Amino acid sequence: MSDREVAGFLDDNLKVQVASIGRDGAPHLTTLFYVVVDGCIAFWTYARSQKIRNLERDPRVSCLVEDGTDYFELRGVSISGRAEILREPDQVREIGSAVAVRMVGAKSLEDLGDFGRATVEKQVTKRVAVVVRPDHVASWDHRKMV
């Protein structure tokens, strides 16, 4: 895919598979909702999660966004790089709010209503945000093979 196609693909999808490196060297794989911030995959997660413990120890990370069911529909973007963990509440709130808005298909934080905004705010104290700084991006689109 071209850079423009990659950007559009990442904008069109919601979930990313994130692989960190466990203490024993084995991959630890999770799926998260994400947003794109300045061209980088960003997500929020619980500060005490295994993936954060792994990334604190070793910031190397791989991310995969993919879709398609038939072989000739498969397409995806694989990003390897380094995780930057953000702990400052305003940064966590900003990324977390953007993820929450995107998860439910809203247009803005206001669309979440009082309950949704309160839920995001409560989560800020328990979570961190992560921005994946890419070292390498690979993409494929099997639809182009036909």
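Note that this is a predicted model, so its numbers are computed, not measured.
For K144 and E5, the salt-bridge test passes: some basic side-chain N is under 4.0 Å from an acidic carboxylate O.
Note: D141 CG to E73 CD = 10.5 Å, rounded to the nearest 0.5 Å. Taken to the nearest 0.5 Å, the CE atom of M145 stands 9.5 Å off from the CG atom of L74. Remark: S108 OG to R117 CZ distance equals 8.5 Å, nearest 0.5 Å. One distance of note links CD of E94 with CD of E88; it measures 10.0 Å at 0.5 Å rounding. Of the inter-residue distances, the one linking Q91 atom CD with R93 atom CZ reads 11.0 Å to the nearest 0.5 angstrom. In this structure, CZ in R133 is found 13.5 Å from CZ in R82, a value given to the nearest 0.5 Å.
W140 and F72 fall into different hydrophobic clusters, where Ile, Leu, Val, Met, Phe, Trp and Tyr are joined by side-chain heavy atoms under 4.5 Å apart, directly or via other members. At a threshold of 4.5 Å between side-chain heavy atoms, the hydrophobic network of Ile, Leu, Val, Met, Phe, Trp and Tyr places L112 and F115 in two separate groups. In the hydrophobic cluster analysis, where Ile, Leu, Val, Met, Phe, Trp and Tyr join through side-chain heavy atoms closer than 4.5 angstrom, L29 is grouped apart from L64.
Minimum interatomic distance between A42 and V131 (heavy atoms only, all atoms of both residues): CB-CG2, 4.2 Å. Nearest heavy-atom pair, V124 versus P89, reported as atom, atom and distance to 0.1 Å: CG1-O, 3.8 Å. Between V92 and R127, the shortest heavy-atom contact is CG1-O, 3.7 Å. The shortest heavy-atom contact between G81 and D135 is CA-OD2, 3.5 Å.
Heavy atoms of other residues, nucleotides or ligands lying less than 6.0 angstrom from CG of D24 number more than 12. By the 6.0 Å contact criterion, CZ on R75 is enclosed, its count of non-hydrogen atoms from other residues, nucleotides or ligands being greater than 12.
Considering only heavy atoms from C-beta on, R102 comes within 4.5 Å of L14 through its side chain. Put simply, the side chain of I95 reaches to within 4.5 Å of the side chain of L86, judged on heavy atoms. Counting heavy atoms from C-beta outward, C40 and P134 have side chains that approach closer than 4.5 Å. Side chains of N54 and R23 form no contact here, defined as non-hydrogen atoms less than 4.5 Å apart.
Within the hydrophobic cluster formed by Ile, Leu, Val, Met, Phe, Trp and Tyr side chains joined at under 4.5 Å, directly or through other members, F43 is accompanied by M1, V6, F9, L10, V16, V18, L32, Y34, V36, I41, I52, L55, V61, V65, V77, I79, I85, V128, V130, V132, V137.
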* Asked: Would V120 and W44 satisfy side chain to side chain contact (heavy atoms under 4.5 Å, CB included), going step by step from the backbone distance to the final call?
  -> CA-CA 11 Å; V120 167; W44 73 334; 4.0 Å; yes
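For residues 48-57, the set of pairs meeting the salt bridge (Lys or Arg N to Asp or Glu O under 4.0 Å) definition, not counting sequence neighbours, comprises E56-R87.
Between the side chain of H142 and the main chain of Y71, a donor-acceptor pair closer than 3.5 Å is present.
Remark: D12 engages no residue in a side chain to side chain donor-acceptor pair (under 3.5 Å) (not counting sequence neighbours).
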